[in-house]
Amino acid sequence: MNTATHTILSPYASKISGTGSAFPRDRLTNDDLAKRVDTSDEWITERTGIRERRISRPGHPDEQNSSLALAAALKALEMAGKTPDQIDQILYATVTPDTIIPSSACWLQKKLGAHRAWAMDLNAACSGFIFALATADQFIRSGQVKTSLIIGADVLSSVTNWSDRGSCILFGDGAGAAIVERTDSEAPHRILSSHLGSDGNLWEHFHVPAGGSNLEVTPDAYSKNLHKMHMKGKEIFKSAVRTLSDYALLAIESNQLKPEDIDWIIPHQANLRIIEAVAKRLDFPMSKVLVNIDRFGNTSSATVPTALDEAIRDGRIKKGQTLLLDVFGAGLTYGSVLVRW
Ligand code: ACO
């Protein structure tokens with residue numbers, strides 16, 4: 001297990017001061033999918049908890065990855081009371097960038113007019129938002145950055161194999177954003193800890209074989225769908241339950257807390273049964289677990305920030321509450337961040 005946690009003594013800490021989210025317009029229901037592959041609403045709902053997901057219209061300027069991120073970022077900025085020129089850093093977690101070069105972070109910087117910010121993409125698959133949040137936290141604690149915009153956004157529909165019923169039922173498109181800013185190291189509202197991990201030995205659980213420098217998308221690769229996601233569902237399921245549980249406990253125990261001290265767990269939304277299995281392992285009530293997978297499916301790095309944003313805006317999350325953000329993703333990657341909101 002490799003982790004990053006708060007070992008630097010610093011006069012600074014960081015806090016999340018604004019969140020935002022955005023989704024494409026079009027809904028794809030389970031019944032719609034049943035017209036494309038041999039499946040049913042009943043099977044998908046029972047096995048995954050997903051009822052519908054949002055899908056970007058290909059080529060639509062408002063529904064590119066960075067356009068969804070722009071809409072989410074503007075809402076986060078408004079909540080934080082900040083303007084784009086106050087952003088020092090944009091950390092953009094995605095596995096489906098607008099273009100390989102330049103980064104989606106640079107596309108977003110241009111669209112937002114965040115001319116002072118330096119910007120980069122970060123790939124930790126579905127764990128990306130937490131990896132970006134932990135990175136922003138470290139830059140802020142080091143004193144180098146005051147205000148960071150972090151994004152978790154993916155258009156997974158662009159790498160979904162729509163003829164594979166074992167995977168195409170799971171995914172959707174969306175974007176979440178957060179403004180992370182400098183505060184005092186002992187401030188009541190702050191990020192309390194972050195723990196990150198990876199295991200590249202398990203790369204085969206979930207990968208896209210073609211489209212990187214290892215394998216071009218030749219006509220042959222294209223005809224075999226090698227530019228789309230390939231997944232071992234059962235293996236992922238088991239790794240997910242194990243790593244989500246381990247990293248939740250790591251966050252709780254390293255802060256000398258107990259599970260009952262956590263007000264909300266915001267887990268990566270890959271399958272409702274994974275989330276329920278983790279809650280059961282932790283003996284944690286599902287009533288305190290945020291879920292949006294029923295309406296949006298697995299939106300990769302966007303699941304946690306969009307679920308967080310929804311619960312902040314509808315008043316479920318209240319000031320002073322302790323939030324456990326807990327993720328896993330392809331790589332494999334995994335991690336948790338504990339936040340006092
Ligand atoms: N509709 C109907 N039947 C289906 C479907 C479908 N969409 N998909 C599979 N089946 C069938 C299978 O063929 C199999 O039939 P068989 O028994 O005749 O062989 C049967 O249903 C059971 O299939 P399983 O694969 O055992 O189903 P399981 O309960 O494991 O559910 C699922 C599959 C939903 C993919 C589950 O394993 C899962 O969610 N895994 C985690 C996936 C995940 O998290 N991926 C992303 C992780 S990384 C990231 O987030 C980017």
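The figures here come from the full heavy-atom set of this structure, side chains too, leaving out hydrogens, waters and symmetry mates. All ligand and atom numbering here is 1-based and tracks the order in the structure.
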* Side chains of Asp220 and Thr218: do they bring a donor and an acceptor to under 3.5 Å? -> no
* Please check if a non-hydrogen protein atom sits closer than 4.0 Å to atom 32 (C) of ligand 1. => no
* Looking only at side chains, do Thr83 and Gln86 share a donor and an acceptor under 3.5 Å apart? -> yes
* Geometric N/O contact Gly233 with ligand 1, under 3.5 angstrom -> yes
* Asked: Which protein heavy atom lies closest to atom 51 (C) of ligand 1, and at what distance to 0.1 Å?
  -> Cys126 SG, 2.3 Å
* **Per-atom contacts, ligand 1 versus Arg273 - under 4.0 Å to a heavy atom** => 28 (P), 29 (O), 31 (O)
* Quick one: which of Lys82, Lys15, Lys146 gives a salt bridge (Lys or Arg N to Asp or Glu O under 4.0 Å) with Glu181? -> Lys82
* Under 4.0 Å to a heavy atom of Ile236 - the qualifying atoms of ligand 1, by number -> 41 (C), 42 (C), 43 (C), 44 (O), 45 (N), 47 (C)
* To do: Check whether any side-chain heavy atom of Ile266 lies under 4.5 Å from a side-chain heavy atom of Leu323, and answer yes or no.
  => yes
* Flag atom 17 (O) of ligand 1 as yes if some protein heavy-atom distance to it falls below 4.0 Å, otherwise no. => no
* With atoms numbered from 1 as shown, which atoms in ligand 1 lie under 4.0 angstrom from a non-hydrogen atom of Gly166? -> 8 (N), 35 (C)
* Asked: For ligand 1, which atoms have a heavy atom of Ile169 less than 4.0 angstrom away?
  -> 7 (N)
* To do: Using distance alone, determine whether Arg165 and ligand 1 share an N or O pair under 3.5 Å.
  => yes
* Asked: Are there more than 12 heavy atoms of other residues, nucleotides or ligands under 6.0 Å from atom CG of Asp283?
  -> no
* **Leu149 and Tyr92, any side-chain heavy atoms less than 4.5 Å apart** => no
* Side chains of Asp32 and Thr29: donor-acceptor distance under 3.5 Å anywhere? -> yes
* **Distance from atom 8 (N) of ligand 1 to nearest protein heavy atom, with residue and atom** => Trp43 CH2, 3.3 Å
* Asked: Which atoms of ligand 1 are found less than 4.0 Å from any heavy atom of Asp38?
  -> 1 (N), 2 (C)
* Asked: If you measure from the Lys or Arg side-chain nitrogens to the Asp or Glu carboxylate oxygens, is any gap between Asp263 and Lys288 under 4.0 Å?
  -> no
* Got Asn123 and Val95 here, is their nearest side-chain heavy-atom distance under 4.5 Å? -> yes
* Asked: Given side chains that start at C-beta, do those of Gln269 and Thr299 come closer than 4.5 Å, heavy atoms only?
  -> no
* Check ligand 1 against Thr39 and write out every atom of the ligand that is under 4.0 Å from a heavy-atom position of the residue. => 1 (N), 2 (C), 6 (C), 7 (N)
* Asked: For atom 46 (C) of ligand 1, which protein heavy atom lies nearest, and how many Å away is it?
  -> Phe206 CE1, 3.6 Å
* Structure fact -> atom 26 (O) of ligand 1: closest protein heavy atom, distance to 0.1 Å, is Lys234 NZ, 2.5 Å
* Structure fact -> Numbered in order shown, the ligand 1 atoms found under 4.0 Å of a heavy atom of Ala270 are 44 (O)
* In this structure, are over 12 heavy atoms from other groups packed under 6.0 Å from Glu78 atom CD? -> no
* Asked: At a 4.0 Å cut-off, with the gap strictly under it, does some heavy atom of His268 reach an atom of ligand 1?
  -> yes
* Is_contact(atom 21 (O) of ligand 1), protein non-hydrogen, under 4.0 Å -> yes
* Please confirm whether Asn298 comes under 4.0 Å of ligand 1, counting heavy atoms of the residue only. => yes
* Under 4.0 Å to a heavy atom of Arg47 - the qualifying atoms of ligand 1, by number -> 22 (C), 27 (O), 28 (P), 29 (O)
* Asked: At what distance is the nearest protein heavy atom to atom 38 (C) of ligand 1, and which residue and atom is it?
  -> Asn271 ND2, 3.5 Å
* Taking distance alone, with no angle check, do Thr48 and ligand 1 share an N/O pair under 3.5 Å? -> no
* Asked: More than 12 heavy atoms of other residues, nucleotides or ligands under 6.0 Å from NZ of Lys319: is that the case?
  -> yes
* Nearest protein heavy-atom contact for atom 45 (N) of ligand 1: which residue, which atom, what distance? -> Met231 SD, 3.3 Å
* Under-4.0 Å protein heavy-atom contact, atom 42 (C) of ligand 1 -> yes
* For the residue pair Asn65 and Ser104, confirm or rule out a side-chain donor-acceptor distance under 3.5 Å. => no
